[in-house]
*Asks:* 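Got a structure for you, questions after.
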There are 2 protein chains.
Amino acid sequence: MAATRPTATLEDVARLAGVSRSTASRAIAGGSISRAAYDRVAAAVRQLGYVPNQAARALARRTGLRLVVATSGPSPEILDDPYLDRVVTAVARVCAEHDVGVAAAWLPLRPGRQLTRLVEDPGLGGVILINPTGWLVDVLATLLPGRVASIGVGNPAVPSFDVDNAAGTAALVQHLYAAGRRRMAMVTGPGWLPCAARPVREYGRLMRAAGLPVRLVVGDFSADRGRVAAGEVLRRWPDTDAVLGASDATALGVIAGLRDCGVRVPDDVGVTGFDDVPFAALAAPALTTARHPVTEIATAAAHAVLGRLPGPPEVLFPSPMVLRASA
Amino acid sequence: MAATRPTATLEDVARLAGVSRSTASRAIAGGSISRAAYDRVAAAVRQLGYVPNQAARALARRTGLRLVVATSGPSPEILDDPYLDRVVTAVARVCAEHDVGVAAAWLPLRPGRQLTRLVEDPGLGGVILINPTGWLVDVLATLLPGRVASIGVGNPAVPSFDVDNAAGTAALVQHLYAAGRRRMAMVTGPGWLPCAARPVREYGRLMRAAGLPVRLVVGDFSADRGRVAAGEVLRRWPDTDAVLGASDATALGVIAGLRDCGVRVPDDVGVTGFDDVPFAALAAPALTTARHPVTEIATAAAHAVLGRLPGPPEVLFPSPMVLRASA
DNA sequence: CTGTTAGCGCATTCAG
DNA sequence: CTGAATGCGCTAACAG
């Protein structure tokens, strides 16, 4: 740090290219500029190994250089979640390429101090919303125009990235049906989570279309809840021959709960999960599930807010089924 | 963003406190200042809800505002690891309180372009090294004095934070011994990883002290490798009655591999892991393991480099044993 | 399209 | 101990 020559500044680039600072700035940040000037600046940049000082840029532009991954939920504890860990890390890797950083924050379900503090923060470069409710997206869309992306529900002004869990659910249901299962129950995600509703709707739609019974038990994505829910399913509908878990953790819990009741998986009851976490393949029996491409989704969202890409307002990532032993 | 009053600036604080900007700056950043002036500035800060603009501060101070979690390893793929996800997220949460961000980067095992780019980056606020080799710590210690912390091996100038996996291993070995196991094998972590050597040493020490055989198979923390390693253990030492996995994933793989060979766990062979990942409790049999307090460690490391805390040069976090069914 | 002129908000000299 | 002045590196009007 001491011995290295000071990193080149825009001034140096301009001088070497024989243009003014502003021209160099335009060439780099992308303003209207002549082809000739652009080329000379580009050459100077390359020769000097120039890399813009993000702090200076943020200061002049009055726009922060920190992406915040904001998770909306009932309490801060929802931040303790492997799913979120993967999102934050994926975003951090994209950030590394853009010389910005990421921070993680919690947002309550209703507006409050946290929200105002977030949007008033001058260091804020953009926000990636995790599973936001509709009003939250709308509020942020107007407060931080062009600097918001959503992993979950979107909005005409906020690009959204999510897994096509309706299709994933459909694939799972069809597989179970093909395997002869006719009395399928579902252990859902938490009720306050918008994105958790989609699989439930799809499941309901398919059951009704096939003339099969709808059997819903509310879960919360956790294994503990899944374990308990398995008992509830069995008590209310003893002839159930399949259980769809809203997450792999739920499904693993369901399997444990079923085993507690002396039910065999997959012989008596088939069980499916959702996510395809690493341990899904190691479980006994190995879990049949649908993949949740978390990293790809988070990466796309990060690129969207960092690059201000227009792009389609909503992109759904496919959720391929992974066939294993549990169903 | 449009309607909100512009966030208070140092100028505003100074005016309200009736002092000059410099004095206000000193009061906040901590320079020599009179008690009276300090109090007035503090009051103004509180009243205005002033929060320093980190971009401006970084620019003036010539010191970045991004923490980089740098993972050293043979290839960038090592970034795809749930362990790292937890570290990055924990750091991101600490960063949120300090108005800075975090980015994730990979560093090759030998010096190279990646390293120079990292230390020359003017936006760099500090580095948290993950499992670095000795030379890497030394290099960064001199290049970025006072702005480095290590999760793994340290150095007199670089505070290190790690799990006391030697003690964790000892507890596991003693438990196995007390349960009557006498022929314990260990599936290790990757050889290039410094921190992976400690449990191996401790295991070797205890075996020799007890006059028991040392049975080592090299692993890589992965479940796949664990599964294969289980077969190797059985082939080389058929009378093995316990296997210590270097990680929970390894142990889960070992259990699967043992089962492939028709060996019962824990009846024939006891298996232990290390980490206590969420799924350890859900496995069948549930995994006996030693806890790895990743979040606490990462949080401490982040505080150390953000707060420039002197503190002890090395802190080892306890690794309590978690007794379950697998051993 | 280009150069000139002002700041962005803060830390730091340097006198007093 | 304090205030006035200077500059960090860059972008954004503004004329030309």
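So you know, we letter chains A, B, ... as the sequences are listed, proteins then strands, and number each from 1. Note that the coordinates shown come from a computational prediction; the quantities given were computed from them, not determined experimentally.
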*Asks:* Does A/T9 make a side-chain N or O approach to OP1 or OP2 of D/dC10 shorter than 4.0 Å?
*Replies:* yes
*Asks:* Write down the distance between CZ (B/R26) and C1' (D/dA4), rounded to a whole number of angstrom.
*Replies:* 11 Å
*Asks:* Taking atom P of D/dG9 as reference, at what distance in whole Å does atom CG of A/D99 sit?
*Replies:* 15 Å
*Asks:* Is the distance from OP1 or OP2 of D/dC8 to the nearest side-chain N or O of B/R62 less than 4.0 Å?
*Replies:* no
*Asks:* Between atom CG in A/D12 and atom P in D/dG9, what is the gap in whole Å?
*Replies:* 9 Å
*Asks:* Could you pick out which residue, B/A60 or A/G18, lies toward the 5' side of DNA chain C when each is mapped onto its nearest nucleotide?
*Replies:* A/G18
*Asks:* Taking the ring centre of each residue, are B/Y83 and B/H292 less than 6.0 Å apart?
*Replies:* yes
*Asks:* Do the non-hydrogen side-chain atoms of A/D80 and B/R93 ever get within less than 4.5 Å of each other?
*Replies:* yes
*Asks:* What is the nucleic acid contact for B/A55, judged by heavy atoms within less than 4.0 Å: base, sugar-phosphate only, or nothing?
*Replies:* nothing
*Asks:* How long is the line joining CG of B/L65 and P of D/dG9, in whole Å?
*Replies:* 14 Å
*Asks:* Taking OH in B/Y38 as the centre, count heavy atoms belonging to other residues, nucleotides or ligands within less than 6.0 Å. Is the count above 12?
*Replies:* no
*Asks:* Could you tell me the separation between the CG atom of B/L59 and the P atom of D/dG9, rounded to a whole number of Å?
*Replies:* 7 Å
*Asks:* Taking OP1 and OP2 of D/dT11, is either one under 4.0 Å from a side-chain nitrogen or oxygen of A/S25?
*Replies:* yes
*Asks:* Rounded to the nearest angstrom, tell me the gap between atom CD1 in B/I33 and atom P in D/dC1.
*Replies:* 9 Å
*Asks:* Would you check if B/V102 and B/V68 make a side-chain contact, meaning some heavy-atom pair closer than 4.5 Å?
*Replies:* no
*Asks:* Rounding to an integer number of Å, can you tell me how far A/E11 CD sits from D/dC10 P?
*Replies:* 9 Å
*Asks:* Can a donor-acceptor pair be found, under 3.5 Å and without considering hydrogens, that links the side chain of A/R15 to the backbone of A/L10?
*Replies:* no
*Asks:* Verify the distance criterion only: is there a donor paired with an acceptor across the side chains of A/T9 and A/E11 at less than 3.5 Å?
*Replies:* no
*Asks:* Out of D/dA4, D/dA13, D/dG9, which has the shortest distance to the side chain of B/S22?
*Replies:* D/dA4
*Asks:* Give the minimum heavy-atom separation between B/A55 and A/A58, together with the two atoms involved.
*Replies:* CB-CB, 4.1 Å
*Asks:* Need one value for B/A58: base, sugar-phosphate or nothing, where a base atom within 4.0 Å counts as base even if backbone is also close, heavy atoms only.
*Replies:* nothing
*Asks:* Roughly, in whole Å, what's the span from CD1 in B/I28 to P in D/dT2?
*Replies:* 14 Å
*Asks:* At a heavy-atom distance below 4.0 Å, which nucleotide of DNA chain C is the first touched by chain A, and which is the last?
*Replies:* C/dC1 to C/dG9
*Asks:* Which comes earlier along DNA chain D counting from the 5' end, the contact point of A/Q54 or that of B/V19, where each point is its nearest nucleotide?
*Replies:* B/V19
*Asks:* Would you classify A/Y38 as touching base, sugar-phosphate or nothing, given that sugar-phosphate means primed atoms plus P, OP1 and OP2, and contacts are heavy atoms under 4.0 Å?
*Replies:* nothing
